Amino acid sequence: MGITGTLSSDQLDSFNSQGYLVIESFANPEDIESMMKRMDKLLDDFDYTNVSVFSTKNQRKVTDDYFYQKKAFGDDGSLKQPKQLSINKVGHALHELDPVFKGFSSSEKSSALLSSLGYKKPVIIQSMYIFKQPGIGGEVVPHQDNSFLYTEPTTCTGMWLALEDATLLNGCLWAIPGSHKNGLVRRFLRGENGVYFDQPSPSYDQKDFVPIEVKAGSLVLIHGDLIHQSFENQSSKSRHAYSWHVVDTDGCKWAPENWIRRKVEPEPLYAS
């Protein structure tokens, strides 16, 4: 399958220098409406009992596809508000299991970006719908995507699509420009007793982070070694986003100790 890259030399230079790149209007309003309506339907059909509470501060072994905010539940264990306003995210295989998200994630437009970045045989290894709920949408602590999705050599790129405007108030992404050049600082592994980090988290100076405020439809490309985070949603509006992560399989090996373990190999988006 012939895939032609679409990023300009200036865009590639910016990505290689900063470790991230914003592509405005990557998704059109119809794409956004389709994904948001599909997620509404999935939530309508979902029974929220016996699910995991999500917090990036306390990573632990979880198997649920749906994750709820820790502030969503009262002392009696019941939700304080409707489940649609309490859920943190849905993952990690929307790109495979749902036709709407599969169609967008696997589009030629998405593949063309990966071709621009030099991918030879890319696969989507995980995907997430992130809600960032008003008032209770929690922070995501500083991290690198290669910590979780490690290949030898490292090849992960995050593709983060804003389905709603992402602002300072509602918890937009923040990143340390150029931090990807310093390499990977720790890994998230699966062992006999669950999952764990092999190193403690470094401390970061918040003044080194810059906000990435974007309009709905904008795509943020994220280098796998870029240090990035997001803060709590302190506004009355949600900040929905769809995120998927890609690794190469041409001359690259998926680490068997990664937390994601598949029984069936994912299909490449293309081979060149």
Side-chain angles (χ1 to χ4, degrees), residues 19 50-73 77 87-96 123-132 136-160 171 173-176 179-206 208-209 222-232 241 243-249 252-266:
N50 297 317
V51 298
S52 292
V53 175
F54 180 79
S55 170
T56 61
K57 290 184 176 180
N58 183 27
Q59 297 280 359
R60 60 185 178 85
K61 183 176 181 180
V62 290
T63 56
D64 303 308
D65 291 333
Y66 297 75
F67 301 84
Y68 278 83
Q69 297 286 171
K70 61 182 179 180
K71 294 182 180 179
F73 293 90
I87 197 164
N88 174 280
K89 67 177 181 177
V90 175
H92 287 93
L94 287 166
H95 66 282
E96 289 187 7
V123 300
I124 302 174
I125 205 65
Q126 73 168 18
S127 55
M128 296 176 286
Y129 191 104
I130 306 163
F131 295 84
K132 207 71 166 183
I136 65 169
E139 69 175 309
V140 176
V141 298
H143 66 282
Q144 299 167 295
D145 292 336
N146 272 329
S147 294
F148 304 89
L149 307 169
Y150 185 78
T151 60
E152 298 176 350
T154 54
T155 60
C156 179
T157 297
M159 305 176 78
W160 190 96
L173 294 175
W174 291 69
I176 302 178
S179 57
H180 64 297
K181 298 177 182 179
N182 298 325
L184 185 63
V185 298
R186 63 176 182 163
R187 291 179 57 193
F188 189 64
L189 307 174
R190 182 183 294 276
E192 293 182 359
N193 298 317
V195 290
Y196 63 96
F197 283 106
D198 64 348
Q199 300 288 338
S201 176
S203 59
Y204 298 102
D205 193 331
Q206 289 299 320
D208 293 332
F209 285 86
I222 302 173
H223 189 283
D225 281 344
L226 182 75
I227 304 294
H228 59 290
Q229 65 178 351
S230 65
F231 294 111
E232 292 184 350
S243 163
W244 66 108
H245 293 84
V246 179
V247 298
D248 212 343
T249 58
C252 307
K253 180 182 178 183
W254 179 253
E257 64 273 18
N258 281 340
W259 77 277
I260 290 181
R261 294 180 179 176
R262 299 181 55 99
K263 295 181 179 179
V264 178
E265 293 297 318

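Just so we're clear, the structure is a prediction, and the values are computed from it rather than from any experiment.
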**Complete:** Output for pair (Asp225 CG, Ser147 OG), nearest 0.5 Å, gives 8.0 Å
**Prompt:** CE/Met128 to CH2/Trp160 distance, rounded to the nearest 0.5 angstrom?
**Reply:** 11.0 Å
**Request:** Check whether any side-chain heavy atom of Tyr150 lies under 4.5 Å from a side-chain heavy atom of Val247, and answer yes or no.
**Result:** no
**Asked** Which heavy atom in His245 sits nearest to a heavy atom in Cys156, and how many Å separate them?
**Response** CD2-SG, 4.0 Å
**Message:** What I'd like to find out is whether the side chain of Tyr204 reaches to under 4.5 Å of the side chain of Ser179, using heavy atoms alone.
**Reply:** no
**Request:** Looking only at non-hydrogen atoms, find the nearest pair between Glu96 and Arg262 and report the distance.
**Result:** OE2-NH1, 2.8 Å
Return all side-chain donor-acceptor pairs below 3.5 angstrom for residues 181-188, not counting sequence neighbours, or 'none' if the list is empty.
| unit_1 | atom_1 | unit_2 | atom_2 | d |
| --- | --- | --- | --- | --- |
| Arg186 | NH1 | Gln199 | O | 3.1 |
| Arg187 | NH1 | Glu257 | OE2 | 3.1 |
| Arg187 | NH2 | Glu257 | OE2 | 2.9 |

**Request:** Measure the shortest side-chain to side-chain distance between Ile227 and His143 over non-hydrogen atoms and say whether it is less than 4.5 angstrom.
**Result:** no
**Request:** For the residue pair His223 and His180, categorise the inter-ring angle as parallel (less than 30°), tilted (30 to 60°) or perpendicular (more than 60°).
**Result:** tilted
**Prompt:** Which heavy atom in Gly194 sits nearest to a heavy atom in Tyr196, and how many Å separate them?
**Reply:** O-CD2, 4.0 Å
**Asked** Residues two or more places apart in sequence or in another chain: which of them pass ring pair (Phe, Tyr, Trp, His ring centres under 6.0 Å) with Trp174?
**Response** Phe231
**Item:** Heavy-atom pair of closest approach, residues Ser230 and Lys132
**Value:** OG-NZ, 2.9 Å
**Asked** When rounded to the nearest 0.5 angstrom, what distance separates CZ in Phe131 from CG in Asn88?
**Response** 8.5 Å
**Prompt:** Are any of the side-chain heavy atoms of Val141 and Gln229 separated by less than 4.5 Å?
**Reply:** no
**Request:** Kindly give the heavy-atom pair with the smallest separation between Ile260 and Ile125, and that separation in Å.
**Result:** CD1-O, 3.9 Å
**Item:** Cys252 to Pro153 - nearest heavy-atom pair and separation
**Value:** SG-CD, 4.1 Å
**Asked** What pairs with His95 under ring pair (Phe, Tyr, Trp, His ring centres under 6.0 Å), at least two apart in sequence or on another chain?
**Response** none
**Fill in**
Between the CG atom in Asp145 and the CD atom in Gln126, the distance rounded to the nearest 0.5 Å is 7.5 Å
**Atom CD of Glu265 with >12 non-hydrogen neighbours under 6.0 angstrom** = no
**Asked** How many angstroms lie between OG1 in Thr151 and CG in Asn146, if you round to the nearest 0.5 Å?
**Response** 6.5 Å
**Qualifying residues under side-chain contact (heavy atoms from CB on, under 4.5 Å), relative to Ala175, sequence neighbours excluded** = Tyr20, Ile212, Leu226, His228
**Asked** With sequence neighbours excluded, what pairs up with Trp244 under the ring pair (Phe, Tyr, Trp, His ring centres under 6.0 Å) test?
**Response** Phe104, Tyr242
**Message:** Show me the pairs that pass salt bridge (Lys or Arg N to Asp or Glu O under 4.0 Å) and involve residues 194-205, at least two apart or across chains.
**Reply:** Asp205-Lys207
